[in-house]
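The sequence lines fix the lettering, A, B, ..., with proteins before strands; numbering per chain opens at 1.
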Amino acid sequence: MAQKPSTPKGTRDFLPAEVAKRTYIFDTIRRSFETYGFSPIETPSFELSTTLLGKYGEEGDRLIFKILNSGDKMFKADVDALKDGNLARFSNSLAEKALRYDLTVPFARFVVQHQNELAFPFKRYQIQPVWRADRPQKGRYQEFYQCDVDVVGSDSLLYEVDFVLLFDEVLSNLNIPDFTIKINNRKILSGIAEVCGEADKIIAITVAIDKLDKIGVQGVIKELKSKDISDSALEKIMPLFGVAGSTKQRLDQMKTYLKSSEIGLKGIKELEFVLDQANELGMNPDHLEFDVTLARGLNYYTGAIFEVKANNVNIGSICGGGRYDDLTGVFGMPGVSGVGISFGADRIYDVLEELDLFPKTVDNRLDVLFVNFGEMEQSYCLKAVKVLRAAGISSEVYPTAAKMQKQMKYAHARGVKNVALVGEDEIEEGFMKVKNMDSGEQVSVNVQGLIHILK
RNA sequence: GUGGUUGUAGCUCAGUUGGUUAGAGCGCUGGUUUGUGGUACCAGAGGUCGCCGGUUCGAACCCGGUCUUCCACCCCA
């Protein structure tokens, strides 16, 4: 071995036991998606750079993996841009394709491209990997899976309600004991910016107040000042930090605060509808929380904003989403409202692992391994294996007549559930000895009996 | 992108002020008289100390670069 091989930064291999757990997560999510009426689609892992660039803000563009042009296309390199020090333009001329950064923007492209083949409102789900050239840390990878569900072609708030219920159902099915679905509305944030007379600085304001629980009131004020927010505006923002009490009380306080902002009040109304409906449909109120400080960076959101955090685990948000009124507009199809959410499968995995929440039954262990005693016994066992497999029981024969101990050790190392021993005596009597590797118990049964036990 | 951190056998880690053949535990392989794993006992294999370069008579140890790990920011799933 010359040099130790390794995967690139921020990527991982998955061993069989890990894949089994990941499959469990994907299956749980997929089942609920389909129950809620969403259909699966898939899109390519890479898109044209022009499709992706400029959709995620300056920060996002930096994190997009670009695919180097190959062959003669290298001649398209904009050497002048390099000379001028315009690295962004130079790199764009070198890369006409890029790995997808999320599933939402490619979906918008998909909707525009296939608009005549889709029935609106169109509901799709998509479970595929995405790539970000981010610096890895806990719960942050360069390659990870997103599980997206979106509806486009309707501005009905019923979908917001559906998504809240969907969050609740999936996370409950995954046995996550303590999570909070935070909900806010971009219109409320617009209203806040309007009230303090800094409507054009909405992004700076929301990003700053988003950090409230992290850096505190003083930290937020400091950040706002550094973004050139005027003192008079600051004064109007201050009352926000005093908003407290139950959800209803906080909503009332916000109503008063936003009384001069039409858009802000509309946001409150939308939010109230979603909260009321969720409540009426019996959702646990502890799971849903109105949070004025929830902003989320993606600037294409226009209505509801969601974010889910698993409590008692130090990991970022595990789900996110929101309403975007005009995502397809940039691809030439204006006026189509969409709303959607995303589950971060890799972070959910980390949460389940850390809290030891994977069901013990999640595995892909072999049901039965037949010990190989020699040619004659082997062909007898192969027939038994065929019957077992037909009954849906995974089974195989050890490939060589190696020492018993070696075969048993192999079975143990692989985590095989049962070992079947069929030697001369057993063949004569028409039975097999089957040892349960977990309990160590051994029984004598025929093939049908074994099927009966394992089914 | 900014600042810090990590890298020694398959794994978890020791390795004293730079000085001969770099260690431990676990794991692994083989054996303990031949149809039974996870326990016990015996034996054994396995590392040019992440990589490249520099300082030195001499580097796992000092210096520089690079890759990787983890963390904080930024941002986010």
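In this structure, the NE2 atom of A:His412 is 12 Å from the C1' atom of B:G27, given to the nearest Å. Atom NZ in A:Lys435 sits roughly 9 Å away from atom C1' in B:G38 (whole-Å rounding). Regarding A:Ile341, its CD1 atom lies at a distance of 17 Å from the C1' atom of B:C76, rounded to whole Å. Protein atom CE of A:Met408 is 16 Å distant from nucleotide atom P of B:U34, rounded to whole Å. Between A:Leu369 atom CG and B:U36 atom P there is a gap of 16 Å when expressed in whole angstrom units. What separates CZ of A:Arg22 from C1' of B:A77 is a distance of 12 Å, to the nearest Å. As a whole-Å value, the separation of A:Leu15 CG from B:C11 P is 12 Å. Rounded to whole Å, the distance from NZ on A:Lys9 to P on B:C67 is 7 Å.
The side chain of A:Lys433 has B:U36 as its nearest neighbour among B:U36, B:C75, B:A77. You'll find that the side chain of A:Leu421 is closest to B:G35, out of B:G35, B:A77, B:C71. In the set B:G37, B:A77, B:U2, the nucleotide with an atom closest to the side chain of A:Lys409 is B:G37. Here the side chain of A:Lys211 is nearest to one of B:A77, B:C75, B:C70, namely B:C75. Listed nucleotides B:A77, B:U2, B:G35 differ in distance to A:Arg135; the shortest reach to its side chain belongs to B:U2. For A:Arg132, the listed nucleotide lying nearest its side chain is B:A77; candidates were B:C74, B:A77, B:U32. In this structure, the nucleotide among B:U69, B:A72, B:U36 sitting nearest to the side chain of A:Met404 is B:U36. The side chain of A:Arg347 has B:C76 as its nearest neighbour among B:C75, B:G37, B:C76.
Across all strands, A:Ser317 comes closer than 4.0 Å only to sugar-phosphate atoms, never to a base (heavy-atom distances). Residue A:Gly139 is in base contact, counting any heavy-atom pair closer than 4.0 Å across all strands shown. Among the heavy atoms of the strands lying under 4.0 Å from A:Asp438 is at least one base atom, whether or not backbone atoms are also near. As judged by a 4.0 angstrom heavy-atom cut-off over every strand, A:Gly440 is placed among the base-contacting residues. Backbone-only contact: A:Gly10 has heavy atoms under 4.0 Å from sugar-phosphate atoms and none from a base. Residue A:Tyr141 is classed as a base contact, given a heavy-atom separation below 4.0 Å to a base. At the heavy-atom level, A:Gln137 lies under 4.0 Å from base atoms of the strands shown. Within the 4.0 angstrom heavy-atom criterion, only backbone atoms of the sugar-phosphate kind lie near A:Ile318; the bases stay farther away. Heavy atoms of A:Glu426 sit under 4.0 angstrom from at least one base atom. The residue A:Gln407 sits apart from the nucleic acid: no heavy atom pair falls under 4.0 Å. Residue contacts for A:Lys309: at a heavy-atom cut-off of 4.0 Å it reaches no nucleic acid atom on any strand shown.
Between A:Arg323 and A:Glu160 there is a salt bridge, since at least one side-chain N of the basic residue sits less than 4.0 Å from a carboxylate O of the acidic one. The residues A:Asp367 and A:Arg389 are annotated as not salt-bridged, no charged nitrogen and carboxylate oxygen being separated by less than 4.0 angstrom.
A cation-pi geometry, defined here as NZ or CZ lying under 6.0 Å from the six-membered ring centre and within 45° of its normal, does not hold between A:Arg347 and A:Phe144.
Going from the P atom of B:A40 to that of B:A45 covers 22 Å, rounded to whole Å. One C1' atom belongs to B:U68, the other to B:A43, and the distance between them is 37 Å to the nearest Å. Nucleotides B:C41 and B:C26, compared at atom P, are 9 Å apart to the nearest Å. For the C1' atom pair drawn from B:G27 and B:A9, the interatomic distance equals 11 Å after rounding to whole Å. Using P as the reference atom, B:U12 and B:G7 are 12 Å apart when rounded to the nearest Å. Atom C1' of B:A14 sits at a distance of 26 Å from the matching atom of B:U56, rounded to the whole Å. Look at the C1' atom in both B:A22 and B:C49: the space between them is 8 Å, to the nearest Å. Taking atom P in both B:U17 and B:C63, one finds a spacing of 15 Å when rounded to whole Å.
Taking 4.5 Å as the limit, every side-chain heavy atom of A:Cys147 sits out of range of all side-chain heavy atoms of A:Tyr125. Taking 4.5 Å as the limit, some side-chain heavy atom of A:Arg100 sits within range of a side-chain heavy atom of A:Pro106. Within the 4.5 Å cutoff, no side-chain heavy atoms of A:Tyr300 are placed close to those of A:Val330.
When Watson-Crick and G-U wobble pairs are counted only if both distances are under 3.5 Å, B:U48 pairs with no nucleotide at all. In this structure B:A43 sits in a base pair with B:U29, meeting the Watson-Crick or G-U test at under 3.5 Å. Pairing partner, B:G3: B:C71, with both Watson-Crick or wobble hydrogen-bond distances short of 3.5 Å. Shown here, B:U12 forms a base pair with B:A24; the pair counts as Watson-Crick or G-U wobble because both key distances fall under 3.5 Å.
Comparing A:Glu307 and A:Thr7 by the nucleotide of RNA chain B whose heavy atom lies nearest to each, the residue mapping closer to the 5' end is A:Thr7. Residue whose closest nucleotide on RNA chain B sits further toward the 5' end, between A:Val416 and A:Arg140: A:Val416.
Under the stacking criterion of a centre-to-centre distance below 5.5 angstrom and an interplanar angle below 30°, A:Phe373 is not stacked against the six-membered ring of B:G35.
A donor-acceptor pair shorter than 3.5 Å cannot be found between the side chains of A:Gln126 and A:Asp148.
In this pair, A:Tyr56 and A:Tyr101 present their aromatic rings tilted. The plane angle is within the 30 to 60° band. In this pair, A:Phe33 and A:Phe343 present their aromatic rings tilted. The plane angle is within the 30 to 60° band.
Distances shown here put a side-chain N or O of A:Lys406 below 4.0 Å from the OP1 or OP2 atom of B:G30.
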